[in-house]
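Worksheet: the structure to be examined is printed underneath.
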Amino acid sequence: MKLTENHFRILDTLYRQEISTQRQLAEQTGISLGQVNYVIKSFLEKGLVKIGNFRKNPHKIGYVYLLTPKGIEAKSRLAARFVMTKLKEYNEIREKLADRLSAIEGKNQTRIIFIGPAVVKELVDSTIRENSLNLALIGHCPSWRGLKDYDPDSFDTALLFEGSSRDARRIEQQIELASGKLVPLW
């Protein structure tokens, strides 16, 4: 069985918390109870998890799921693999973003407003700086409705984080913005 991100979440939760039921594990990880049951059974078979007894309190269930040393080692390997995968994905996104921003720069559209989450705005801003692009991020709106607060002459392009070209055209019509001034980021 190839270990996945869900397997990691289960191993990590068992490492960090005392878990005595699969339902509790499902709630903590956001993974379905059936999937948790399947994974726990396979972990027990592979020796990654064991069931430990504790009968100190008569009101509690008499067992807890525990990671074995082999389970801790598997969790560590998975963590390293997932960190590398996420970093690779992050770098690919940064490259795509830099390409998109370079294309905007190539059209001499230097004053930009970003429409979307603040964390992505920070990524856009740092990408502009790191690539020495001749662009200025002059504003940010969490939602396209905030674009109404800006004078249309104060910016060249508004980047829409979430939405298609069709969505951009519809929004331009709703807020009476010149056609082509609102563009999807991706």
So is K75 actually on top of Y15's ring, under 6.0 Å and inside 45° of the axis?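 Yes, a cation-pi geometry holds between K75 and Y15.
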
Do [X] and [Y] have side chains that get closer than 4.5 Å, going by heavy atoms?
| X | Y | result |
| --- | --- | --- |
| I113 | C141 | yes |
| I104 | L159 | yes |
| I51 | V64 | no |

Name all residues meeting the salt bridge (Lys or Arg N to Asp or Glu O under 4.0 Å) criterion together with R81; count only those two or more places apart in sequence or in a different chain, and write none if there are none.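 Testing R81 for salt bridge (Lys or Arg N to Asp or Glu O under 4.0 Å), a comparison that skips the adjacent residues, returns none.
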
For [X] and [Y], indicate whether the former's side chain and the latter's backbone hold a donor-acceptor pair under 3.5 Å.
| X | Y | value |
| --- | --- | --- |
| H140 | G116 | yes |
| E172 | G180 | yes |
| D167 | S164 | yes |
| K181 | D156 | no |
| T68 | L48 | yes |
| T29 | I10 | no |

Counting only heavy atoms from other residues, nucleotides and ligands, does the tally under 6.0 Å from [atom1] of [X] exceed 12?
| X | atom1 | answer |
| --- | --- | --- |
| E162 | CD | no |
| K50 | NZ | no |
| R23 | CZ | no |

Hey, what do you get for [atom1] ([X]) to [atom2] ([Y]), rounding to the nearest 0.5 Å?
| X | Y | atom1 | atom2 | value |
| --- | --- | --- | --- | --- |
| E95 | N131 | CD | CG | 10.0 Å |
| S179 | Q173 | OG | CD | 8.0 Å |
| R129 | L135 | CZ | CG | 12.5 Å |
| D153 | R111 | CG | CZ | 7.5 Å |
| S20 | Y65 | OG | OH | 8.5 Å |
| L14 | F43 | CG | CZ | 8.0 Å |

Check the pair S102, L133 against side-chain contact (heavy atoms from CB on, under 4.5 Å), reporting the backbone distance first and the verdict last. CA-CA 7 Å; S102 292; L133 298 173; 3.6 Å; yes

Same apolar cluster (I L V M F W Y, side chains within < 4.5 Å links), [X]/[Y]:
| X | Y | answer |
| --- | --- | --- |
| L78 | I19 | yes |
| L123 | L160 | no |
| F155 | L137 | no |
| I72 | V83 | no |
| L177 | I112 | no |

Closest non-hydrogen atom pair between [X] and [Y], with its separation:
| X | Y | answer |
| --- | --- | --- |
| Y150 | G139 | OH-CA, 3.4 Å |
| S165 | P184 | N-CG, 3.5 Å |
| G52 | L66 | CA-CD1, 3.8 Å |
| A168 | L182 | CB-O, 3.4 Å |
| L25 | V36 | CD2-CG1, 3.7 Å |
| H7 | K2 | CE1-O, 3.6 Å |

Between K96 and E92 (salt bridge meaning N to carboxylate O under 4.0 Å), is one present in this structure?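 Looking at K96 and E92, the cut-off is not met.
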
Charged N-O contact under 4.0 Å between K121 and D125: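 Salt bridge: no.
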
Kindly determine whether I128 and L101 satisfy side-chain contact (heavy atoms from CB on, under 4.5 Å), including the steps that lead there. CA-CA 7 Å; I128 289 169; L101 292 170; 3.8 Å; yes

Quiz question: by atom type and distance under 3.5 Å, do the side chains of R9 and N6 form a donor-acceptor pair?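 Judged by distance alone, the side chains do pair up.
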
No-hydrogen, no-angle side-chain donor-acceptor test under 3.5 Å, Q22 and N37: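 Present: a donor and an acceptor within the cut-off.
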
Give the intermediate values and the outcome of side-chain contact (heavy atoms from CB on, under 4.5 Å) for residues S126 and R94. CA-CA 10 Å; S126 69; R94 287 185 74 87; 3.5 Å; yes

Output, in order, the C-alpha distance, side-chain angles, deciding distance and verdict of salt bridge (Lys or Arg N to Asp or Glu O under 4.0 Å) for E45 and K41. CA-CA 6 Å; E45 289 172 8; K41 283 182 181 179; over 6 Å; no

Start with the C-alpha distance between F82 and E5, add both sets of side-chain angles, then the distance that settles side-chain contact (heavy atoms from CB on, under 4.5 Å), and finish with yes or no. CA-CA 7 Å; F82 288 132; E5 192 167 346; 3.8 Å; yes

Of all residues at least two apart in sequence or in a different chain, which pass the side-chain contact (heavy atoms from CB on, under 4.5 Å) check with A136?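 A136 satisfies side-chain contact (heavy atoms from CB on, under 4.5 Å) with I138 once adjacent residues are dropped.
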
